[in-house]
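These values consider heavy atoms only, across backbone and side chains, with no hydrogens, waters or symmetry-generated copies. Bear in mind the structure is a predicted one, so any value in this text is a computation, not a measurement.
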Amino acid sequence: MKKRLVFFSFLIAWIGLFAQAADSSFKFALVTDTHVGNPNNNEDLYRTVKDINSLPDIAFVIVSGDVTEFGSDEELKTAKELLSDLNKPFYVIPGNHDSNWSESGTNSFKLIFGAETFGFEHNGYKFIGLASGPNMRMGPGQIPRENLTWFFEELKKTDKNTPIIFVNHYPMDHSLNNWFEVLDALRSYNVKLMLCGHGHVNKALNFEGANAAMCRSNLRGKADFGGYNIITVSPDSICLQERIVSGQTLSPWLCYSTTDRPQWEENPPRPDYTINNQNPHVEEIWSIQETSDMGSGMCLAGELLIYTNTNGEIKAADSSTGKIVWTYKTNGKIYSTPTVYKNTVWCASTDSCLYGLNLNNGKKRFKLKTEKAVVASPVCTNEKVILAGGDGHCRAWMVTNGKLAWDFNGIKNFVVTRPLVKDRTVFFGSWGNEFYAIDIQNGTLKWKWTNGQTNRMFSPAQVWPVASHGRIYLASPDRYMTVLDEKTGNVVWRYNDPENRVRESIGISEDGNTVYAKTMDGKILAIDATVSERKVKWISSGEDMGYELAPTAIPEKNGIVYAPTDKGLIYAYRATDGRFLWKYRISSALINMILPTDHNEIYVSAMDGKLVKLNISPNLR
């Protein structure tokens with residue numbers, strides 16, 4: 001009798017444990033790379049939502065980026081409408097297509113979806129998702145600094161034994177220029193799986209010892225139906241199955257054990273700062289690390305350095321010490337490079353306003369409203385401040401009273417550049433494949449040039465145009481360098497060199513006779529601006545920068561050409577012949593701006609919120 005009681009007690013306990021294990025299992029859907037923006041892609045997401053709704057055992061849905069094709073407000077709203085038909089919770093993070101070309105400076109994603117990160121618990125698991133960038137500048141992915149700040153705080157609230165599933169649009173490798181900050185922070189935690197999209201295929205991955213998976217795109221491609229992944233989490237494993245929206249669930253293509261913690265790689269590679277120790281000719285004077293990204297350049301006004309960040313702040317720092325003198329907070333992220341004109345700081349914000357602040361104390365003098373978010377930079381001339389916005393308008397206001405002087409309403413798509421002002425004309429391009437010349441006095445269009453492209457991603461939008469000898473110089477993602485007649489807009493020459501692929505990063509020499517262009521292979525071209533045909537004076541020699549996408553302008557000062565990179569490095573070349581002089585790392589992120597002075601000093605800002613002042617040896621040329 002006792003043996004029977006023991007047996008039945010064991011059987012009941014085993015059944016209870018089995019039931020408990022079954023109860024702790026759950027499924028969720030991972031949907032990625034929906035690229036909403038054309039009818040087929042929209043239909044694919046509609047089908048996916050309908051299919052997920054037919055599966056009652058799916059607990060929730062994660063959408064891991066590239067929700068849209070171009071990040072436009074219209075596309076984001078369409079995606080939200082489609083996803084809102086889900087009959088279960090869903091969590092969404094942006095990918096590079098949602099942020100790189102965002103007309104709202106990535107503000108609309110947060111407004112429409114509520115956040116660009118997520119952190120929640122389900123059945124004892126912690127799920128964390130971060131945005132991937134790059135925000136507003138072409139380059140490698142970069143998790144925004146404000147996302148990392150939030151992430152570090154979220155980890156502090158998480159027990160180190162709690163199983164974690166981490167989600168980003170990008171793989172946690174060199175695809176992101178700050179991948180290591182995430183992995184270093186997670187090393188002491190119980191990471192069970194890291195998920196990503198971006199590659200559009202199902203693929204097993206491992207990130208420095210952490211199990212990972214890239215998941216297929218939602219798009220049908222050449223097939224009849226699109227699909228997504230169903231992920232089953234059980235007490236001893238996590239398995240991924242591809243689900244075709246026609247109703248077919250395939251066998252698991254990947255399973256990982258959940259019984260062990262990650263076997264982290266020892267001493268994995270990290271960005272190398274030791275190169276700075278090998279360069280005695282460059283000395284750091286001071287540095288600032290913001291808690292958010294820095295998405296714009298800066299300007300120097302007397303003893304004040306004016307800069308911005310994506311927390312929406314305009315700041316003035318003492319240029320000698322780096323100490324903050326004043327801060328003004330706007331209501332949106334800032335990607336606009338400030339300018340100073342007659343003791344007023346002018347800067348735009350994605351809250352759709354142009355601000356005029358007192359240079360000395362940062363107090364607001366003007367707040368001038370536009371109809372949409374602004375990511376372009378203002379310019380000042382002839383008692384006017386001029387701003388091309390995101391609403392199809394270029395406006396000029398009087399700097400004395402803030403009254404509207406003129407309003408040009410004819411811009412296709414939005415503007416992100418800093419315009420060029422020359423001879424009573426303002427020049428700039430837009431993400432509508434067009435380039436404009438507008439009369440400063442009355443706002444009338446003098447001429448308009450188009451590159452003939454239908455894909456807006458090839459637009460001459462990011463480039464800061466330069467002028468020399470009556471000609472305007474541009475470079476754009478179609479890999480053409482274009483030279484236009486300043487008065488007529490006629491093409492002087494336009495050239496695509498497959499051996500030296502230019503993109504958006506150009507600059508001009510101090511004497512105005514040479515135009516510099518950075519190639520995607522990390523070299524600098526020096527173009528003779530004194531002649532009306534394409535004539536290459538030199539191509540940089542010595543060490544090159546490697547594969548390069550940063551659209552940042554190239555300055556020259558005191559015989560040195562300073563080249564920005566998307567990897568946090570500054571390269572210096574001799575202006576006379578392009579010979580490599582030195583390199584210096586301030587960050588691992590894209591360089592926003594290099595601002596040289598007359599005193600052998602340069603100010604450099606990077607996208608990850610790093611701002612430094614460097615002293616350059618005057619003998620190094």
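Contact check for Tyr307 versus Pro338: no side-chain heavy atoms found under the 4.5 Å cut-off. Residues Asn135 and Met607 form a side-chain contact, since some pair of their non-hydrogen atoms from C-beta on lies under 4.5 Å apart. Side-chain contact between Ser617 and Val282 is absent, with no heavy atoms from C-beta onward closer than 4.5 Å. Between Glu504 and Pro477 the shortest side-chain heavy-atom distance falls below 4.5 Å. Tyr473 is listed as a side-chain neighbour of Met481, based on a closest heavy-atom distance under 4.5 Å. For the pair Glu75 and Glu103, the minimum side-chain heavy-atom distance is 4.5 Å or more. With a 4.5 Å cut-off on side-chain heavy atoms, Asp66 and Asn96 count as touching. Taking 4.5 Å as the limit, some side-chain heavy atom of Trp449 sits within range of a side-chain heavy atom of Val491.
Contact detail for Gly512 and Ala529: the closest heavy-atom pair is O-CB, 4.0 Å. Across all non-hydrogen atoms, the minimal contact from Asn451 to Ser459 is ND2-CA, 4.1 Å. Heavy atoms only, all atoms of each residue included: Met520 and Leu549 are closest at CE-CD2, 3.9 Å.
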Derivation of the side-chain hydrogen bond (donor to acceptor under 3.5 Å, both in side chains) call for Arg494 and Thr482: CA-CA 4 Å; Arg494 177 168 158 80; Thr482 303; 2.7 Å; yes
For Ser108 and Asp73, run side-chain hydrogen bond (donor to acceptor under 3.5 Å, both in side chains): C-alpha distance rounded to whole Å, both residues' side-chain angles, the deciding distance at 0.1 Å, then the answer. CA-CA 6 Å; Ser108 290; Asp73 290 357; 2.7 Å; yes
Go through the steps to decide whether Ser430 and Asn413 satisfy the test side-chain hydrogen bond (donor to acceptor under 3.5 Å, both in side chains), and finish with yes or no. CA-CA 6 Å; Ser430 77; Asn413 220 299; over 6 Å; no
Decide yes or no on side chain to side chain contact (heavy atoms under 4.5 Å, CB included) for Asp528 and Val536, but give the supporting numbers first. CA-CA 6 Å; Asp528 190 341; Val536 177; over 6 Å; no
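Electrostatic pairing of Asp478 and Arg501 does not count as a salt bridge here, judged by no charged N lying under 4.0 Å from a carboxylate O. The residues Glu499 and Arg479 are annotated as not salt-bridged, no charged nitrogen and carboxylate oxygen being separated by less than 4.0 angstrom. In this structure, Glu548 does not pair ionically with Arg503, as no charged nitrogen and carboxylate oxygen lie closer than 4.0 Å. Between Lys557 and Glu510, at least one side-chain N (NZ, or NE/NH1/NH2) sits under 4.0 Å from a carboxylate O, which counts as a salt bridge. With respect to the salt-bridge test (charged N to carboxylate O, under 4.0 angstrom), the residues Glu284 and Lys613 do not qualify. Under a 4.0 Å N-O distance rule, the pair Asp272/Arg585 does not qualify as a salt bridge. By the 4.0 Å N-to-carboxylate-O rule, Asp44 lies close enough to Arg220 to be salt-bridged with it. Taking 4.0 Å as the cut-off between side-chain N and carboxylate O, Glu434 and Lys448 count as a salt-bridged pair.
Not one N or O on the side chain of Lys203 forms a donor-acceptor pair closer than 3.5 Å with the backbone of Arg216. The closest donor-acceptor contact from the side chain of Arg137 to the backbone of Gly295 lies under 3.5 Å. A distance-only check finds no donor-acceptor pair linking the side chain of Asp566 to the backbone of Leu590 [under 3.5 Å].
With hydrogens and angles left out, the side-chain atoms of Thr519 and Asp521 include no donor and acceptor closer than 3.5 Å. With no hydrogens or angles considered, a side-chain donor-acceptor pair links Asn513 and His469 at under 3.5 Å. Side-chain polar atoms of Glu290 and Asn309 form a donor-acceptor pair below 3.5 angstrom. With hydrogens and angles left out, the side-chain atoms of Asp33 and His200 include a donor and acceptor closer than 3.5 Å.
Taking the ring centroids of Trp582 and His281, they lie at or beyond the 6.0 Å cut-off. The aromatic ring centroids of His198 and His97 lie 6.0 Å or more from each other.
With sequence neighbours excluded, the residues that form a side-chain contact (heavy atoms from CB on, under 4.5 Å) with Asn107 are Ser104, Lys333, Thr350.
In this structure, Trp431 and Phe70 have perpendicular ring planes: the angle between them is above 60°, well past the 30° mark.
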